[in-house]
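Here is the structure we will look at, set down as structure tokens.
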Amino acid sequence: MPAPRVKSSQLLIAESGHDLEGHGLKRTMGLFHLICFGIGAVVGTGIFVGLSDSIAEAGPAVVVSYVLAAITCVFTAFSFAELGGAVPVAGSSYSFAYAGLGETAAFLVGWCLLLEYGISISAVAVGWSEYLDELLDSLLGLQLPGVLSHGPTEGGVVNLPAVVLIGLATLLLVRGVRESARATAVMAVVKIAILLVFCAVGYSAFQDGHLSPFAPEGMAGIGAATSAAFFSYIGFDAITTAGEESRNPRRDVPIAILVCIGLVTVLYCAVALAAIGAIGSEEAGSRPAALSHVVDVVTGSDMGRAVIAFGAVVAIASVTLAVTYGQSRILMSMSRDGLMPRVFEKVSAKTSTPVTGTVVVGVVFGLVAAFVPLDGLIDLSTIGTLGAMAAVNVAVIALRRREPELARPFRVPFGPVLPGLGVLFCLYLMYETGPSTWAQFAAFLAAGLAVYLGYGRKRSVLASRTAEEPPVPAVR
């Protein structure tokens with residue numbers, strides 16, 4: 001059996017930052033910007049929209065579900081932190097898998113990331129359209145025409161607000177990373193402030209009796225809610241896609257990942273407890289906009305709807321911006337390796353951004369958001385994300401054996417134990433998505449393998465460079 005095509009960490013770093021014409025990315029992001037970027041990619045529809053579904057599954061024990069989802073992310077966040085500091089490049093999980101597991105695994109991980117980021121971009125843009133409509137209605141008494149705010153399967157013609165949001169995010173990213181980082185930081189601060197205000201309102205009406213029974217559906221409900229709650233954490237790995245544009249990536253990327261997960265977990269648990277303590281889990285779980293309803297009930301006014309709708313508009317906009325950024329950088333890394341068309345790797349000499357690749361991402365997923373319903377693909381996005389995370393945990397172990405002398409500013413504690421637990425937690429949540437999602441995921445991976453064998457493997461830069469060199473020995 002031939003040895004896998006493995007790209008060393010030194011080669012990944014040496015090739016980073018420049019396209020074929022020598023144009024490079026600028027290192028403009030500091031620690032604060034990276035933390036805000038992570039929060040911007042994570043806090044969005046999962047807490048503003050998905051909280052009700054999680055409460056309906058687990059009751060007050062939804063807090064346990066958020067903690068279990070967070071533990072899964074923390075184990076993987078440790079692995080991302082080690083690899084993000086040791087291999088500070090733009091490809092995130094894809095690049096880490098290339099260094100630890102080889103080219104075939106790396107391509108499939110990158111393929112899963114296309115699913116994660118692509119569906120996230122389109123799905124959150126559709127959600128933004130709905131909250132924008134609600135905000136306009138609550139403030140001005142106006143509603144967008146249904147034919148221009150819903151896709152064909154929902155009785156409309158085109159979801160124009162979703163297209164506009166993706167277009168604005170694309171234009172901002174094309175202008176430069178500094179401008180995008182500032183916008184993301186502002187939006188992250190705004191949505192955290194709104195969620196903190198919600199907590200203050202909710203806890204002012206907190207009743208202990210609303211926490212009983214704590215787990216009405218037992219572990220089955222907690223497990224189902226954990227799988228749903230995990231979607232609320234998707235996106236923290238986008239921090240590692242900024243490795244080539246961070247001023248001090250070896251230090252800042254690991255810190256930003258761990259701080260982001262910690263802040264988000266505390267915030268989610270606080271918001272869930274505030275909602276349940278104020279109105280009870282049955283009422284909170286039956287309301288699609290639980291946060292708005294809590295504020296309305298507690299304050300006795302109808303301003304909650306407007307405040308929460310504004311927070312959701314800001315939150316979802318920041319998610320779209322951050323995830324579009326991450327998608328373009330992952331495609332750029334795959335393109336540099338020859339596994340994707342070269343159009344994605346070209347960096348503008350004027351703006352130091354992959355302009356063409358970013359525009360292609362914006363156009364493709366803008367069209368998807370405009371016309372295609374995505375509700376049924378959320379579980380597929382979740383299982384793809386979990387698969388990529390499991391691969392990152394395995395890559396940590398493999399790279400330690402392959403390159404033991406590699407400088408690692410942060411190391412996952414307890415050797416292979418925590419990455420191994422990360423794999424197990426990922427597999428558990430993947431199991432919770434159900435058989436139909438597994439069948440879709442298998443078909444998706446098969447399609448990715450066909451693309452790799454038919455296109456990527458033949459055009460691999462690494463293969464052409466090492467054609468006359470002995471292969472890198474496989475990890476045993």
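Because the structure is a prediction, the values reported are computed rather than measured. Just so you know, these numbers use all the heavy atoms, side chains as well, and skip hydrogens, waters and symmetry mates.
- Annotation: side chain of Pro354 is in contact with side chain of Arg329 (closest heavy-atom distance under 4.5 Å).
- Taking both residues in full, the closest heavy atoms of Ala105 and Leu101 are given as CB-CB, 3.8 Å, listed atom of the first, atom of the second, then distance.
- The main-chain N or O of Cys73 is never found under 3.5 Å from a side-chain atom of Thr76 such that the two would form a donor-acceptor pair.
- For the atom pair Leu173 CG and Gln327 CD, the distance stands at 12.0 Å (nearest 0.5 Å).
- Closest heavy-atom contact between Pro249 and Pro254: O-CD, 3.5 Å.
- Here the side chains of Phe37 and Cys260 are not in contact, with every heavy-atom distance at 4.5 Å or above.
- Rounding to the nearest 0.5 angstrom, the gap separating the CG atom in Leu321 from the CD1 atom in Ile316 is 14.0 Å.
- Note: Leu427 CG to Thr72 OG1 = 10.5 Å, rounded to the nearest 0.5 Å.
- Between Phe107 and Tyr452, the ring planes lie tilted relative to each other; the angle falls in the 30° to 60° range.
- Between atom CG of residue Leu267 and atom CD1 of residue Ile39 there is a gap of 8.5 Å, rounded to the nearest 0.5 Å.
- Between the side chain of Ser65 and the main chain of Ile222, a donor-acceptor pair closer than 3.5 Å is present.
- In terms of modelled atom types and a separation under 3.5 Å, the side chain of Arg250 and the main chain of Gly85 share a donor-acceptor contact.
- Between the side chain of Glu345 and the backbone N or O of Ser335, no donor-acceptor pair lies under 3.5 Å.
- With hydrogens and angles ignored, the 3.5 Å screen pairs no side-chain donor or acceptor of Ser460 with any backbone N or O of Gly338.
- Looking at Ser381 and Thr385, their side chains come closer than 4.5 Å, going by heavy atoms from C-beta outward.
- At least one donor-acceptor pair closer than 3.5 Å links the side chain of Arg342 to the backbone N or O of Arg336.
- Of all the heavy atoms in Val109 and Ser93, the pair that sits closest is CG1-CB, 3.6 Å.
- When the options Tyr117, Phe441, Tyr94, Phe444 are evaluated for a ring pair (Phe, Tyr, Trp, His ring centres under 6.0 Å) with Trp111, the one that passes is Phe444.
- Within the 4.5 Å cutoff, the side chain of Val394 has no heavy atoms near those of the Ser79 side chain.
- Other residues, nucleotides and ligands contribute over 12 non-hydrogen atoms within 6.0 Å of the OH atom of Tyr428.
- A heavy-atom distance below 4.5 Å is not found between the side chains of Ile239 and Phe80.
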Exercise for review: Give the intermediate values and the outcome of side chain to side chain contact (heavy atoms under 4.5 Å, CB included) for residues Leu113 and Met334.
Suggested key: CA-CA 11 Å; Leu113 293 177; Met334 297 180 75; over 6 Å; no
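- Looking at heavy atoms from C-beta onward, Pro413 lies in side-chain contact with Leu418 at the 4.5 angstrom threshold.
- Residue Thr170 comes nearest to Val359 through the heavy atom pair CG2-CA, 3.9 Å, listed as atom of the first residue, atom of the second, then distance.
- Without hydrogens or angle criteria, Trp438 side chain to Ile383 main chain gives no donor-acceptor distance under 3.5 Å.
- How far CD1 of Ile192 is from SG of Cys36: 7.0 Å, rounded to the nearest 0.5 Å.
- Tyr233 has its ring centre less than 6.0 Å from the ring centre of Tyr268.
- Between the side chain of Lys191 and the main chain of Val43, a donor-acceptor pair closer than 3.5 Å is present.
- Taking CG from Asn159 and CG from Leu165, the interatomic distance works out to 10.0 Å, rounded to the nearest 0.5 Å.
- Closest heavy-atom contact between Arg400 and Gly415: NH1-CA, 3.4 Å.
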**Study point:** side chain to side chain contact (heavy atoms under 4.5 Å, CB included) assessment of Val313 paired with Trp128
**Key:** CA-CA 6 Å; Val313 166; Trp128 185 82; 3.2 Å; yes
Review point. Hey, mind stepping through Leu83 and Thr240 against side chain to side chain contact (heavy atoms under 4.5 Å, CB included) and telling me if it holds?
Key: CA-CA 9 Å; Leu83 295 173; Thr240 58; over 6 Å; no
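- In this structure the side chain of Val307 never reaches within 4.5 angstrom of the side chain of Val197, judged on heavy atoms.
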Practice item. Starting from the C-alpha separation in whole Å, work towards a yes-or-no answer on side chain to side chain contact (heavy atoms under 4.5 Å, CB included) for Glu403 and Val6. Key: CA-CA 12 Å; Glu403 299 185 41; Val6 177; over 6 Å; no
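- Heavy-atom minimum distance, Ile166 versus Ala369: CD1-CB, 3.9 Å.
- Using a distance-only test at 3.5 Å, with no hydrogens or angles considered, no donor-acceptor pair links the side chain of Ser129 to the main chain of Ala125.
- Side-chain contact check for Ile47 versus Tyr66: some heavy-atom pair is nearer than 4.5 Å.
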